[in-house]
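Heads up, the thing below is written out as structure tokens.
These numbers were taken from a predicted model, which means no experiment stands behind them.
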Amino acid sequence: MHKKRKKIRITLTLIILLMVGSGTVIAIEKNKQEEKRIYNEKIENHIHEIYKKYNDLSSEKNESKKLNELEILVTKSEEYKTGSEKDVKVIEAYKGSIKKLQKLFKDDNDKLLQENTSDNIEEENRDSLNKKSELLKSLNDKVSSQEYIVYNKEEKEILTNKIMGFLKQYEDKMYQLDKEAKDLKEKQEAEAKVKLEAEKKSAIEAQNQSDSNYSKNSTSGNNGQVSSKSSQSKSTNSNDSSSKASSSSNNNSISTQSEPNSGTSSNSSETSASKSNEPSDKDYGWSAGSNGENKTDTWVQQNDDGSYSAGVGKGDNEQELGGWDVE
């Protein structure tokens, strides 16, 4: 009887222990499930934040701001991978988002490089090469600032070497074009100088020839007019002499016949002498070359002593060249 009761107690104890243990297991399992739910929710939130950041940056127009935000995202990714709590899903979300944002920068840089790459550098002019060169220098600076954010060290070196290669070609070609332009300018200046000297020399020779022709034509014209005037003067003097002789004879005759008129004859004779001694008006003419060039006004004038003077000009611009005695 005693043994039977003991068995019953042991059985009841085991049943109680099983019930307690079962409840404990259930509670532990529930705790684990709750913790897992909380963890998964945390991971999902983290991933959601990463994707939201990607969407915001992909539509950002300010490149400088976009690069700064991408750098922050890269830094957070590195910190997460080295942290105590890390999930593969989060790491992949970081990796994918960063890679797609880096591609946006790389595509823009590649497009700019392509636009400023010359297919035939020999057909480029100086201005176009200079413009492309300046844009490539700016691109090279930008790529350098994007190292470790958009490009790793190897990627950056490959791209910058490519850019520097084009810059070297452009600079060499611009140097060649500048030298050719300088040589051409110096040649044109030298030719212009030679031409100017030749024109000066030709002008001087033409002026000397003109002065020579002018001198010859003026002397020839004046001599001809003086000769003509001299001939006319001789004829006039001859006629005047005959007239004076006749007048003198008549006056003497009148004086012989009538003494009262002698005073009148004397006054008449003095007036006539006074008129013959006054210089006559200038005889104006002109002289020119055989083809009518270098036309110049000339004049000839009979002086009181019977000689003649000749000169050039007319009015206030008259100039005496010399005089001649006419026999």
Side-chain angles (χ1 to χ4, degrees), residues 43 45-183:
I43 295 300
N45 289 336
H46 199 158
I47 293 172
H48 177 73
E49 290 177 0
I50 294 172
Y51 288 154
K52 184 177 183 304
K53 177 62 69 175
Y54 164 76
N55 291 329
D56 291 343
L57 292 181
S58 61
S59 60
E60 177 61 53
K61 301 301 181 181
N62 188 319
E63 190 173 84
S64 179
K65 181 179 179 180
K66 182 189 293 188
L67 184 63
N68 290 334
E69 292 296 327
L70 176 58
E71 184 178 13
I72 293 173
L73 193 63
V74 171
T75 301
K76 286 183 177 181
S77 174
E78 295 298 323
E79 290 175 349
Y80 184 84
K81 286 190 293 185
T82 58
S84 58
E85 292 184 4
K86 47 189 174 183
D87 188 277
V88 175
K89 292 180 181 179
V90 176
I91 293 174
E92 289 299 321
Y94 271 122
K95 183 178 180 180
S97 297
I98 290 171
K99 187 174 182 179
K100 286 187 286 187
L101 288 171
Q102 288 174 335
K103 188 176 185 303
L104 294 177
F105 283 95
K106 290 178 178 179
D107 288 346
D108 288 342
N109 293 341
D110 291 342
K111 180 182 179 182
L112 185 59
L113 177 61
Q114 182 64 33
E115 290 174 348
N116 292 281
T117 299
S118 177
D119 296 329
N120 188 352
I121 194 171
E122 296 301 324
E123 294 182 357
E124 298 282 350
N125 59 45
R126 215 279 184 197
D127 290 339
S128 66
L129 287 174
N130 184 65
K131 181 179 180 181
K132 289 180 178 180
S133 179
E134 292 301 320
L135 289 172
L136 288 183
K137 288 178 182 178
S138 176
L139 175 61
N140 189 60
D141 293 339
K142 183 165 67 173
V143 171
S144 297
S145 69
Q146 293 173 354
E147 186 177 8
Y148 303 119
I149 303 173
V150 177
Y151 301 96
N152 59 37
K153 185 175 182 179
E154 182 180 358
E155 290 174 334
K156 180 256 182 183
E157 289 181 353
I158 291 174
L159 184 55
T160 54
N161 288 339
K162 190 174 183 180
I163 294 172
M164 294 304 295
F166 285 117
L167 282 173
K168 180 67 168 55
Q169 292 180 30
Y170 296 166
E171 289 173 358
D172 290 344
K173 184 60 178 178
M174 285 190 290
Y175 175 81
Q176 176 189 340
L177 293 175
D178 288 343
K179 187 176 185 303
E180 290 175 355
K182 180 181 178 182
D183 292 343

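For the pair Ile47 and Asp87, the minimum side-chain heavy-atom distance is 4.5 Å or more. For the pair Phe166/Ser118, no side-chain contact is recorded, criterion being any heavy-atom separation below 4.5 Å from C-beta on. Side-chain contact between Asn109 and Gln146 is present, with heavy atoms from C-beta onward closer than 4.5 Å. Contact check for Leu135 versus Leu139: no side-chain heavy atoms found under the 4.5 Å cut-off. Looking only at side-chain heavy atoms (C-beta outward), Ser77 and Lys81 come within less than 4.5 Å of each other. Looking at Leu112 and Asp108, their side chains never come closer than 4.5 Å, going by heavy atoms from C-beta outward.
Minimum interatomic distance between Glu63 and Phe105 (heavy atoms only, all atoms of both residues): CG-CE2, 3.7 Å. Considering every non-hydrogen atom in both Ile50 and Ala93, the closest pair reads CG2-O, 3.5 Å. Listed here is the closest heavy atom pair of Ile121 and Tyr170: CD1-CD2, 3.8 Å. Nearest heavy-atom pair across Ser133 and Leu167 is O-CD2, 3.3 Å. In terms of heavy atoms, Asn55 sits closest to Ser58 at O-OG, 2.9 Å.
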| What do the steps show when you test Asp56 against Lys52 for salt bridge (Lys or Arg N to Asp or Glu O under 4.0 Å), and what is the final call? | CA-CA 6 Å; Asp56 291 343; Lys52 184 177 183 304; 3.3 Å; yes
| Worked check of side chain to side chain contact (heavy atoms under 4.5 Å, CB included) between Lys153 and Glu147 | CA-CA 6 Å; Lys153 185 175 182 179; Glu147 186 177 8; 3.7 Å; yes
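Residue pairs meeting the side chain to side chain donor-acceptor pair (under 3.5 Å) criterion with at least one member in residues 95-105, sequence neighbours excluded, are Lys103-Asp107. Pairs passing the ring-ring contact (aromatic ring centres under 6.0 Å, His included) check and including a residue from residues 45-67, sequence neighbours excluded, read His46-Tyr80, His46-Tyr94.
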Between side-chain atoms of residues 64-74 and protein atoms elsewhere (two or more places apart, or another chain), which donor-acceptor pairs fall under 3.5 Å?
from, atom 1, to, atom 2, distance (Å)
Lys66, NZ, Glu60, O, 3.3
Asn68, ND2, Ser64, O, 3.3
Glu69, OE1, Lys53, NZ, 3.2

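With hydrogens and angles disregarded, no donor-acceptor distance shorter than 3.5 Å links the side chain of Glu123 to the backbone of Asn120. Put simply, the side chain of Asn130 never gets that close to the backbone of Arg126: no donor and acceptor are under 3.5 Å apart. At distances below 3.5 Å, at least one donor-acceptor pair connects side-chain atoms of Thr82 with backbone N or O atoms of Glu78.
Looking only at atom types and distance, the side chain of Ser128 has a donor-acceptor partner in the side chain of Asn125 under 3.5 Å away.
Atom-to-atom distance recorded for Leu57:CG and Asn62:CG is 11.0 Å, nearest 0.5 angstrom. Rounded to the nearest 0.5 angstrom, Ile149 CD1 and Ile98 CD1 are separated by 11.0 Å.
Around atom CD of Glu115, more than 12 heavy atoms belonging to other residues, nucleotides or ligands sit under 6.0 Å away. In this structure, Asp119 places its CG atom where only 12 or fewer heavy-atom neighbours from other residues, nucleotides or ligands lie under 6.0 Å away. The number of heavy-atom neighbours closer than 6.0 Å to NZ of Lys106, taken from other residues, nucleotides and ligands shown, is above 12. Atom NZ of Lys173 has more than 12 heavy atoms from other residues, nucleotides or ligands within 6.0 Å.
Using a 4.0 Å cut-off between charged side-chain N and carboxylate O, Asp183 and Lys179 make a salt bridge. A salt bridge links Asp172 to Lys168: at least one charged side-chain nitrogen sits closer than 4.0 Å to a carboxylate oxygen.
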